[in-house]
Amino acid sequence: MFWETVRLSLTSIRRNLLRSFLTLLGIVIGVAAVIGMLTIGSGTTEKVKQDIAKLGSNLLVVRPARPDRSGSTSFTPRPLTEKDVAGLRSGLENVRAVAAVAQSTVRVVYGAQNISAQVTGTDDEYLAARDWNLVLGRSFTESEVRGGANVCILGETVRKQFFGAGDPDGQSVRVGKTSCTVIGVLESKGTSGFGQDQDNVVMMPLLGFQRRIAGNRDIDSINVAAQDGVSTTQVQSDIEGILRDTRRIAPDADINFEVRDMTQVADAMTSATTTMTGMLGAVAAVSLLVGGIGIMNIMLVSVTERTREIGIRLAIGAHERHILMQFLVEATVLSLLGGLIGIALGLGIAGLAAVSMSIPFAPSLAVILMAVGFSAMIGMVFGFFPALRGARLDPIEALRHE
Amino acid sequence: MAPPLIRFDKVWKSYGQGEARVNALAGVDLAIDPGQFVAIMGPSGSGKSTAMNIIGCLDTPTAGVYAFRGVDAGRLDRNRRAMLRNLYIGFVFQGYNLLPRTTAAENVELPLIYRGVGASERRKRALKALAQVGLTGREHHTPGELSGGQQQRVAIARAIVTQPTLLVADEPTGNLDTARSHEIMDLLTGLNDNFGLTIVMVTHEADIAAYAHRTIEFRDGRVSADTRNHELA
């Protein structure tokens, strides 16, 4: 009896092919929008998470505080110094690495080629702090760091530009006005979440950078990597305590540096994209509702159009529930069909978006099952009223209907 | 003697309220025995269609008792009457009332679906019923591909496929020419003679009514004449 009804509804859908298709379209667009939005959204969240992970886990970045635009600051601006770095190195517990960093964008030349790269002066702990590995060569030795030797490590973009398939190890490149020997190549990190090429870098010992490129002893930032499982909030307050000491800031005065916890930044960004995804999904869900109303409309038309058929069926012994079932199943089959097409379309759109926006394609089985269930439910809910209307018809009136 | 298959006991049927109240049936008493072939005649508004709808368990009396097979059918709810129709009553209408774009065999199977008969058994019985009305070879034609007379035969096959006790026919020849009309009447007479099928037929043509054993005439909601036809005598 049930399969009989399903077959009957498929027949009826086939007989009004164009109308069925147009009705389906509402559900197709609604489901495709929801699936597409949620899949693209979770892909974006995934991408943000990956980008944050590339920055290094449990990373805290200390920078000197900048006076705000109005100039009315409550602290005395001062750059970070060797003393601050030494204080953190000796005073902090539960940290994997402490690395002083100074950076600037400098023209790097090799033979006839040149590239404008981010030149970073730092030490051997920087790579550990950033969870960054070498694919070739070695990191700085202690003596190179201490003496500010003329050695450098290239990022993937710089290596490709200068050496292509050739071996960069031991070659000499010119960085600004000074030249240095390549001792290693960094693994590729790709583009950051902010669209910056993280591989367009050249790293050299901090002292060498300060002397030969920056021309001062300033330290732009100190990267601190906490050990796994250690609360970054605790490390943050430890850093503040130590720096108040080394920078001689009174306990009640404002600090003239800032400590940024990258874990918190990551959480904030992730929750922002999740909220965005939810909102887009909700907007898309409205179109599903519109699709449902379309189903209801067409089922009402269908019931009116087939009043005589209903009359015949009732006369020869159909019960109310038989008629109810017939139209309910028809509406459900219709919207379920729309749902399935919509899922395929939505995943297709998300797939295309994933390729063109270079984000991961992250379809979720839960979301797909939800869409199937939801579209079936829409059919039942919006099909119920028209079906009931059909089932309640008076057979005599229905038979007289032209 | 067997109890009557159909018994009207002071049956009233009224429509509307107060001043606008119209009595379609005004206290009708009537009995039809099993195996009878009865023609119901009367001008429009005489109450004959209302009587037929009550006989067919499509409608219920406002007052009085309608007993079908000794059961007070007037007090049954919609679904019970639907069950009664499905089990004991076959319908033939003036406009054939077949499902469009549905083959003859599928149309005939329809009442069996609501009886919960399995697909292969349904098909077997439908083909047999179609053979009985002389439509072998037309099983897979849709109503659009059949003539009026053939469509009415499909409708008769659909009515008898459940082997009903009663056949209710509402102007079965109303849309047909004289030759086709007489073919259909021969078919109905045959069903009455061979299977003892009780037939109640509404018509307003005297030569069609002449096929019946008995003619009941309605006028103003009452039975105005009840005559036995010569054939039965």
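In the text below, chain A, chain B and the rest are named by the order of the sequence lines, each starting its count at 1.
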Against chain A, label [X] side chain, backbone, both or neither, depending on which of its atoms sit under 4.5 Å from a heavy atom there.
{"X": "B:R158", "result": "side chain"}
{"X": "B:R101", "result": "both"}
{"X": "B:N79", "result": "both"}
{"X": "B:T162", "result": "neither"}
{"X": "B:I89", "result": "neither"}
{"X": "B:P164", "result": "neither"}

Exercise for the section: Establish, for the pair B:R69 and B:Y88, whether the NZ or CZ atom is under 6.0 angstrom from the six-membered ring centre and no further than 45 degrees off its axis. Expected result: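 Judged by the rule, B:R69 and B:Y88 form a cation-pi pair.
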Exercise for the section: Please work out whether the ring planes of A:H322 and B:Y114 are parallel, tilted or perpendicular, with thresholds of 30° and 60°. Expected result: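 Ring orientation, 0 to 90° scale: tilted.
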Exercise for the section: On the 0 to 90° scale, with breaks at 30° and 60°, tag the B:F93-B:F91 ring pair as parallel, tilted or perpendicular. Expected result: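 If you compare the ring of B:F93 with that of B:F91, the planes turn out parallel.
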Practice task
Go through the atoms of A:A391 and report whether side chain, backbone, both or neither lie under 4.5 Å from a heavy atom of chain B.
Solution key: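 Only the backbone of A:A391 comes within 4.5 Å of chain B.
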Exercise for the section: Pick one of side chain, backbone, both or neither for A:I312, based on which atoms fall under 4.5 Å of a heavy atom in chain B. Expected result: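 Contact with chain B is through the side chain of A:I312 alone.
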Handout entry: Side-chain touch B:I32/B:L5, heavy atoms, less than 4.5 angstrom
Key =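 B:I32 does not reach B:L5 side chain to side chain.
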Practice task
Answer yes or no: is there a side-chain heavy-atom contact under 4.5 Å between B:R138 and B:L146?
Solution key: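 A side-chain contact under 4.5 Å exists here.
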Exercise for the section: Check the pair B:T198 / B:Q36 against side chain to side chain donor-acceptor pair (under 3.5 Å), numbers first and verdict last. Expected result: CA-CA 5 Å; B:T198 311; B:Q36 274 195 332; over 6 Å; no
Handout entry: Electrostatic pair A:E305:A:R19 at N-O distance under 4.0 angstrom
Key =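 A:R19 and A:E305: salt-bridged.
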Practice task
Could you have a look at B:R78, B:R80, B:R81 and say which one has the most heavy-atom pairs with chain A under 4.5 angstrom?
Solution key: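 Going by pairs under 4.5 Å, I would pick B:R78.
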Practice task
Identify which of A:R306, A:R321, A:R392 forms the greatest number of heavy-atom pairs closer than 4.5 Å to chain B.
Solution key: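 Option with the greatest count: A:R392.
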